[in-house]
Amino acid sequence: MENIPIIELKEIRKSFFIGNREIEVLKGINIKIYEKESIAIIGQSGSGKTTLMNIIGCMDRATSGTYLFKGKDITTFNDDELSSFRNESIGFVFQQFHLIPYINALDNVILPTIYSKKNIDNVKQKAISLLTELGMHDRIYNKPTQLSGGQQQRVAIARALINDPEIILADEPTGALDTKTSSEIMDILTSLNEKGKTIIIITHEQEIANRCKKIIRISDGKIV
Amino acid sequence: MLRSIKINLLLVIKNLHTHKIRTLLSILGIAFGTISLVVVSNITEMMKKKVAIEAEKYGKNLVIVSAGTSLTPGRGRTIFLPAKTLKESDAKEVKLSIPNVMDVSPSFSKSFPLRYKESRVTANAIGISKNYNQLRNIKIYLGRYFIDSEFDNNEKKVILGYKIYENLFGKEDPLGKYVLLFRAPLEVVGVLEPMGVDLTGNDQDNQILIPYSTMIRRILNVDYITTFYVQVSDSKFLNQSKEEITKLLRIRHKIQKGQRDDFFVRAITDLVSIKDEATTLVNDLGNTASILSFSIGGLGILAIMMMTVAERKREIGIRRACGATKKDIILQFLLEALFLTISGSILGIFVASLVTLIISHYALYPLAFSVMSIFISIILSFCLGIFAGLYPAKKASDVDPIKALYEV
């Protein structure tokens with residue numbers, strides 16, 4: 001079992017049309033990610049790293065190539081299957097936090113569970129304990145606008161964890177935060193990895209990438 | 001699914017809570033539609049109930065025969081030609097020769113000025129037969145009904161309608177006092193309870209009752225009557241009796257084939273159905289108004305939903321990233337539209353009930369609620385919610401989550 005990667009990308013290509021011109025953003029990406037790894041995908045803006053993350057997170061489809069998840073080909077999944085895959089297996093953390101503004105921290109954390117097929121007992125209790133673990137016990141009922149950037153990102157991480165996904169996929173998780181808060185968020189992500197989560201972080205900052213065990217560098221749509 | 005609906009609904013409420021004014025405005029159309037539908041239906045119900053009560057009050061199983069010809073040359077227009085051809089003997093003959101007729105009661109009514117000291121009123125004076133109080137429901141407020149000898153001896157006695165009594169006497173005790181009908185003094189023996197307008201449109205509080213013989217022999221000296229009431233043994237004979245009375249009177253009045261009747265015969269049930277017809281018209285108008293209001297309300301919800309989808313593209317992206325399928329997104333916005341229309345409807349039902357209570361209180365209508373209209377307005381608002389929510393919800397589900405999440 002150990003040598004089956006949790007994610008395996010084979011010859012992933014992605015191109016977009018701008019007008020009549022076809023632009024290839026990913027030019028044959030091959031990656032193997034094993035369980036409990038922490039991986040940084042680093043690259044400059046325009047290198048294709050966000051497109052790659054969207055493909056890994058099943059928000060987007062590759063133009064060609066194969067995506068194996070635990071050895072299973074999910075390239076052929078339809079929209080509903082991909083949605084349910086995202087729901088169960090992937091927890092997203094975004095640069096802009098992306099919390100729903102009109103509901104409080106607790107409801108934001110609970111959000112993914114309403115799309116879950118699994119019956120999770122005591123969702124509310126679980127959300128509260130996740131928020132507490134992340135040091136948010138006194139901000140549970142605050143709305144996102146009442147929270148600092150670092151606090152919002154903690155809520156977003158709790159939301160990513162609520163359905164117990166195998167993978168945490170973080171896109172520039174510290175991009176909107178100051179140095180001190182960035183380091184706190186990275187502490188949280190690395191400690192999650194130590195507890196057994198597979199962590200994939202997309203970044204353009206070397207210091208952030210250095211906190212991960214493995215670094216994949218991407219440039220002009222290729223791994224270098 | 002059920003849990004998802006429940007949580008989604010909670011989120012919908014939280015979202016709408018942040019836009020209170022907008023939400024309230026958007027549901028007003030539906031609320032007004034519901035109000036006009038429910039209020040008008042309630043009024044219709046109340047009017048029908050009132051008519052039923054009036055019919056009950058009027059008297060049991062009555063056919064009313066009136067002198068004169070009633071012409072209806074156009075819709076809603078009635079021309080009345082009075083006649084002096086209806087006689088007391090006609091009434092007696094009806095009682096004698098038509099089966100199922102229990103009793104008849106001839107009467108004569110005419111408007112008269114009435115005076116007591118310095119107070120003057122115009123009253124509808126009705127000369128009534130002994131059995132009038134058995135055919136028509138009358139209730140005595142003060143004093144008594146006429147005794148037989150007063151009928152037999154053409155005595156100048158009078159029973160006053162309530163308003164007449166109030167206007168002439170105020171707080172004074174009227175019993176034993178004399179009122180002047182023209183120059184004829186009449187002794188007051190009783191006052192009627194306030195009874196309001198009866199089914200034929202007579203204000204019973206503005207009438208005075210006089211013994212029949214006194215009226216036609218001593219006051220007017222005429223040999224005809226204006227009306228007689230016929231009581232049949234059972235309501236199922238009403239129509240049959242009407243026909244038989246008409247046939248008999250045509251023969252007695254020597255009316256040739258093709259000539260018009262010089263009298264008209266109505267059963268109490270005819271009066272009820274005429275009144276009910278009028279309420280139906282009111283009801284139709286109300287329904288038209290409410291359909292208009294519902295359509296405008298539906299368009300309002302549609303507009304609000306389009307706006308909210310455009311505003312919340314990022315939220316849609318977040319939900320999709322968290323695992324929402326397109327169907328989940330459709331469900332979410334449909335629920336939101338449904339919540340809006342149904343709360344509009346519930347608000348409308350609440351206000352309509354309040355309005356109904358107020359109308360019933362001030363217009364003195366018996367309270368009645370049209371459960372059907374409440375049911376219909378909820379169903380209607382549900383359909384409108386689906387109609388107004390479906391297109392925006394489809395739009396929402398087609399939002400590209402990547403664009404929604406990365407566009408600032």
Side-chain angles (χ1 to χ4, degrees), chain A residues 14 16 50-51 53-55 57-61 77-104 106-120 123-124 143-145 156 159-160 162-163 165 169 171-172 176, chain B residues 1-23 304 307-336 339-340 394 396-408:
Chain A
K14 178 73 182 177
F16 294 104
T50 296
T51 305
M53 155 163 156
N54 284 333
I55 286 171
C58 289
M59 294 282 280
D60 204 353
R61 288 168 190 276
F77 273 18
N78 67 24
D79 199 74
D80 284 1
E81 287 168 324
L82 288 179
S83 295
S84 123
F85 172 76
R86 284 197 296 273
N87 184 250
E88 284 168 25
S89 306
I90 299 195
F92 285 94
V93 177
F94 298 98
Q95 179 177 7
Q96 298 300 332
F97 325 128
H98 285 336
L99 300 177
I100 294 180
Y102 57 84
I103 55 178
N104 64 30
L106 180 63
D107 288 330
N108 266 291
V109 175
I110 287 173
L111 186 74
T113 67
I114 68 178
Y115 304 118
S116 172
K117 289 188 186 74
K118 288 186 285 187
N119 253 334
I120 312 162
V123 167
K124 196 173 168 188
K143 295 211 172 140
T145 46
R159 179 180 65 192
I162 189 85
N163 274 352
L169 194 54
D171 181 19
E172 303 271 12
Chain B
M1 182 77 170
L2 217 63
R3 182 172 164 269
S4 157
I5 287 178
K6 191 179 139 204
I7 296 181
N8 258 319
L9 211 54
L10 280 175
L11 296 188
V12 164
I13 293 165
K14 280 173 186 168
N15 176 41
L16 296 178
H17 191 71
T18 56
H19 303 290
K20 289 188 204 78
I21 303 277
R22 187 210 277 186
T23 305
I304 278 290
M307 192 161 94
T308 197
V309 168
E311 271 177 2
R312 282 152 72 194
K313 279 191 175 163
R314 173 167 294 177
E315 176 190 328
I316 296 163
I318 297 168
R319 285 173 182 258
R320 296 281 277 139
C322 288
T325 61
K326 288 188 171 199
K327 277 184 219 125
D328 289 325
I329 301 294
I330 289 180
L331 177 73
Q332 179 201 338
F333 283 96
L334 262 187
L335 271 179
E336 187 160 331
F339 181 81
L340 285 174
K394 180 73 178 60
S397 77
D398 288 339
V399 166
D400 179 354
I402 298 170
K403 270 191 194 159
L405 288 172
Y406 289 98
E407 267 170 17
V408 187

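Chain naming here is simple, since letters A, B, ... match the order of the sequence lines and numbering starts at 1 in each. The analysis underlying the following values was restricted to heavy atoms, covering all of them including side chains, and did not include hydrogens, waters or symmetry mates.
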| Does the Asp80(A) side chain pair with the main chain of Thr325(B), one donor and one acceptor, at a distance under 3.5 Å? | no
| In terms of heavy-atom pairs under 4.5 Å with chain A, which of Asp400(B), Asn8(B), Asp328(B), Thr18(B) leads? | Asp328(B)
| said: Restricting to non-hydrogen atoms, name the atom on Cys322(B) and the atom on Asn87(A) that form the minimum distance, rounded to 0.1 Å. | reply: O-ND2, 2.8 Å
| request: Report the option among Arg320(B), Lys327(B), Lys326(B) that has the most heavy-atom pairs separated by less than 4.5 Å from atoms of chain A. | output: Arg320(B)
| query | To the nearest 0.5 Å, how far apart are CD1 in Ile103(A) and CG in Leu11(B)? | reply | 5.0 Å
| Heavy-atom pair count under 4.5 Å with chain B, highest-scoring of Glu81(A), Gln95(A), Arg159(A) | Arg159(A)
| query | What closest approach, in Å, do Tyr115(A) and Gly323(B) show between heavy atoms, and which atom pair accounts for it? | reply | CB-O, 3.7 Å
| query | Below 4.5 Å, heavy atoms only, C-beta onward: do Tyr102(A) and Glu315(B) meet side chain to side chain? | reply | yes
| task | Assess the side chains of Tyr406(B) and Gln96(A): does a donor N or O sit below 3.5 Å from an acceptor N or O? | result | no
| query | So, the side chain of His98(A) versus the backbone of Arg314(B): is there a donor-acceptor pair under 3.5 Å, distance only? | reply | no
| field | side chain to side chain contact (heavy atoms under 4.5 Å, CB included) assessment of Leu111(A) paired with Ile318(B) | value | CA-CA 10 Å; Leu111(A) 186 74; Ile318(B) 297 168; 4.3 Å; yes
| query | Do other residues, nucleotides or ligands put more than 12 heavy atoms under 6.0 Å from Lys14(B) NZ? | reply | yes
| query | How long is the span from the OG1 atom in Thr50(A) to the CG atom in Leu405(B), to the nearest 0.5 Å? | reply | 11.5 Å
| Residue part contacting chain B, namely of Asp60(A), when any heavy atom lies under 4.5 Å | both
| task | With a 4.5 angstrom heavy-atom cut-off, could you sort out which part of Arg312(B) is near chain A: side chain, backbone, both or neither? | result | side chain
| field | Residue Phe85(A) versus chain B: region with a heavy atom under 4.5 Å | value | neither
| said: How close do Ala321(B) and Phe94(A) get, counting heavy atoms only, and between which atoms? | reply: CB-CZ, 3.9 Å
| field | Which portion of Leu99(A) sits near chain B, non-hydrogen atoms under 4.5 angstrom | value | backbone
| Which atom of Met59(A) lies closest to which atom of Pro401(B), heavy atoms considered | CE-CB, 3.8 Å
